[in-house]
Novice: 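Starting off with a structure, shown below.
Below, chain A is the first sequence line, B the second, and so on; all start at residue 1.
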There are 2 protein chains.
Amino acid sequence: MSEEPYKSSAKSVTARALAVLAAFDVENPLLTLSQLARRAGLPVATVYRLAGELEDGRFLDRDSAGRYGLGVRLWEMGLLTPVHGRLRETAMPFLLNLQYECRETVQLAVCDGTNAIYVEKLTSEVSVPIQSRIGARIPLHATGVGKALLAFSPEAFTDAILAMPFTQYTPETITDRRTMSRQLAQIRQRGYAQSHQEYQLGSTSIAAPVLVDGTVQAAIGIVSYTLRTDLTRYAPALLRAADGLARRLETAAGTAYPSISDRISGSDVHGGDPMPPQAS
Amino acid sequence: MSEEPYKSSAKSVTARALAVLAAFDVENPLLTLSQLARRAGLPVATVYRLAGELEDGRFLDRDSAGRYGLGVRLWEMGLLTPVHGRLRETAMPFLLNLQYECRETVQLAVCDGTNAIYVEKLTSEVSVPIQSRIGARIPLHATGVGKALLAFSPEAFTDAILAMPFTQYTPETITDRRTMSRQLAQIRQRGYAQSHQEYQLGSTSIAAPVLVDGTVQAAIGIVSYTLRTDLTRYAPALLRAADGLARRLETAAGTAYPSISDRISGSDVHGGDPMPPQAS
DNA sequence: ACCCATCTTTTCACTGAGCGAAAAGAATTT
DNA sequence: AAATTCTTTTCGCTCAGTGAAAAGATGGGT
């Protein structure tokens with residue numbers, strides 16, 4: 001059918017191999033050889049060979065029908081990544097506790113490039129519609145966790161973000177940088193951020209930064225439906241969780257991991273980044 | 001012709017690139033270029049180039065010190081993997097609920113090759129020592145989830161596993177295949193498996209299979225310290241969770257993912273990863 | 001049953017992409 | 001300042017990787 005993503009002008013062998021892996025996304029977790037080839041923008045024979053090798057290393061797995069899917073190995077490696085291996089792992093107990101206390105959706109996010117990424121999201125209700133997947137990139141200016149991250153980022157970074165245009169997601173989205181600037185100051189003062197239907201109509205959130213040695217490493221947030229409860233009553237619990245995590249991370253800092261965002265360069269606001277830019 | 005001992009230059013470019021990624025593990029999540037080269041068994045210059053490309057695609061990230069670590073991209077891809085994207089995602093609410101009910105450690109595992117893999121593990125207590133990481137490979141014969149998976153696997157598979165020698169982890173580990181065979185029958189009858197200090201002294205577990213259309217897709221388990229409580233009292237809740245998940249998976253089967261284990265071929269008993277059975 | 005379309009797998013001769021020794025450049029340590 | 005260990009760049013040779021094409025599967029429509 002209509003399959004035609006972006007064309008990866010893969011030139012090196014490695015780039016080609018990576019392009020094959022990059023051909024998968026949320027909507028297409030399983031692909032046949034030819035689909036794969038098409039999406040990767042490479043000749044079938046080439047993909048056949050590459051995919052074969054990737055499969056050997058379990059970077060790709062095939063189902064009974066012969067379709068390809070990203071392999072277990074990839075998943076296992078994801079677990080070794082700083083975001084998971086250090087952050088999520090240590091954060092989990094705190095998140096669970098928090099979720100236990102307030103029984104609302106609890107989330108953990110970090111900053112990467114000019115976006116925030118959901119690292120974890122706990123929703124107990126069996127029936128809630130998938131709001132934002134784990135791994136999803138969300139704007140820094142329109143969500144609780146986003147603003148919490150932004151407010152406590154180094155000034156240079158905050159300024160850089162403020163200098164960019166703010167996409168408007170709902171009528172409530174803050175698009176004026178002066179307003180935003182004022183809000184950030186308020187957030188810094190209060191210690192936590194709030195967001196009311198600024199990203200998605202009908203949902204409110206409250207979020208606090210995880211400050212490790214003075215720098216924001218992540219943000220913890222609680223999300224709920226606008227009318228349900230006043231989330232501010234969870235502020236103490238939220239701050240306790242965030243601080244608890246922060247102290248934990250400080251302790252285990254010996255095994256320091258790289259901080260994800262250092263470069264504003266990489267991914268652009270929102271959406272999927274196929275492959276970051278590259279000079280020659 | 002005599003060849004140089006361990007000079008494995010019979011590798012394809014792709015294999016080399018993958019070797020670079022594979023150089024990381026739990027103990028070494030961060031490596032300098034030279035360490036990386038050494039661990040991958042490749043010349044520095046080569047790794048330099050490959051790592052450069054991998055970094056461009058964010059398959060590798062570097063920290064401020066220039067050390068390499070597995071990149072965010074890898075993590076994001078792991079999320080698209082069947083184990084996570086389909087299983088973990090749908091299972092999470094059930095696991096959370098279960099954990100909420102019993103306040104014990106709850107885990108989700110699948111079968112891969114001749115091992116089980118922990119896909120998720122929920123521990124609320126902030127201070128528990130790391131027992132088994134998510135992603136860890138554990139034996140099928142010595143744990144609750146393992147036995148639950150084994151008991152409900154196709155006969156051919158069970159037989160194949162029973163034909164292999166059982167590593168003894170504790171004095172309680174079942175090593176005799178007749179005993180095991182009998183237990184498996186019992187498990188099938190009762191609907192859930194139990195394990196008492198068979199893998200790790202001091203901990204008991206109870207586990208139930210997640211049967212989707214008659215085949216085991218996963219197992220949910222509850223683990224606790226031996227003396228704390230009688231876990232069987234959680235059996236109803238456990239079975240409810242397992243069945244609930246199973247039904248959920250059946251519903252969403254439209255977007256069928258490949259079942260992970262099909263081949264016993266792949267990883268050998270206990271896989272290549274060094275795995276401390278008893279944390280020291 | 002047939003044909004036609006689309007899929008996967010294998011082959012093979014050509015060639016430029018990737019290799020890695022080596023040297024230059026940084027950054028530490030002695 | 002010399003020694004050591006790390007990172008980055010260069011460059012000519014060669015063989016690994018390429019992709020068109022053909023052969024082999026598979027499937028589904030009539």
Novice: Write down the distance between CG (A/L33) and C1' (D/dT26), rounded to a whole number of angstrom.
Specialist: 14 Å
Novice: What I'd like to find out is whether the side chain of A/R49 reaches to under 4.5 Å of the side chain of B/T14, using heavy atoms alone.
Specialist: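 Counting from C-beta outward, A/R49 and B/T14 never come under 4.5 Å.
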Novice: Output yes when at least one side-chain N/O atom of B/R16 is less than 4.0 Å from OP1 or OP2 of C/dG20, else no.
Specialist: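 True: B/R16 side-chain N/O within range (under 4.0 Å) of C/dG20 OP1/OP2.
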Novice: Please check the phosphate of D/dC6 (OP1 and OP2 only) for any side-chain N or O of B/R38 closer than 4.0 Å.
Specialist: yes
Novice: C/dT8 C1' sits how many Å from A/R67 CZ, rounded?
Specialist: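 In whole Å, C/dT8 C1' and A/R67 CZ are 15 Å from each other.
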Novice: Does the base of D/dG17 carry an N or O that pairs as donor and acceptor with the side chain of A/R49 under 3.5 Å?
Specialist: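 No pair found.
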Novice: What is the distance, to the nearest angstrom, from the CD atom on A/E53 to the P atom on D/dT18?
Specialist: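 Atom-to-atom, A/E53 to D/dT18, this comes out as 9 Å.
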Novice: Using the side-chain heavy atoms of A/T46, tell me which of these nucleotides is nearest: D/dG19, D/dT7, C/dC7.
Specialist: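 Among the listed nucleotides, the one closest to the side chain of A/T46 is D/dG19.
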Novice: How long is the line joining OH of A/Y48 and P of C/dC7, in whole Å?
Specialist: 16 Å
Novice: Among D/dG19, D/dT8, D/dG17, which nucleotide has an atom closest to any side-chain atom of A/V13?
Specialist: D/dG17
Novice: Do A/F59 and B/L21 make a side-chain contact, defined as non-hydrogen atoms from C-beta onward lying under 4.5 Å apart?
Specialist: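 Yes, at least one pair of side-chain atoms sits under 4.5 Å.
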Novice: So B/S34, base contact, sugar-phosphate only, or nothing? Heavy-atom distance under 4.0 Å.
Specialist: sugar-phosphate
Novice: Quickly work out the B/L31 CG to D/dC6 C1' distance and round it to whole Å.
Specialist: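 After rounding, the reported distance stands at 14 Å.
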Novice: Would you say A/R39 and A/D25 make side-chain contact, with heavy atoms under 4.5 Å?
Specialist: yes
Novice: What is the distance, rounded to the nearest whole Å, between atom OH of A/Y68 and atom P of C/dT8?
Specialist: 8 Å
Novice: Would you call B/E120 and A/R88 a salt bridge, using N to O less than 4.0 angstrom?
Specialist: yes
Novice: Send over the distance from B/Q35 CD to D/dT5 P, rounded to a whole Å.
Specialist: 14 Å
Novice: Write down the distance between CG (A/L50) and C1' (C/dA17), rounded to a whole number of angstrom.
Specialist: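 That distance rounds to 14 Å.
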Novice: Which nucleotide in the set C/dG20, C/dC7, D/dC6 lies at the smallest distance from any side-chain heavy atom of B/P43?
Specialist: C/dG20
Novice: What nucleotide, of C/dT9, D/dG17, D/dT7, holds the atom closest to the side chain of A/R62?
Specialist: C/dT9
Novice: Side chain of B/A45 only, heavy atoms from C-beta on: which candidate in C/dC19, C/dT9, C/dA22 is closest?
Specialist: C/dA22
Novice: Would you compute the distance between atom CD1 of A/I117 and atom CD1 of A/I134 and round it to the nearest 0.5 angstrom?
Specialist: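 The CD1 atom of A/I134 is 12.0 Å from CD1 of A/I117, to the nearest 0.5 Å.
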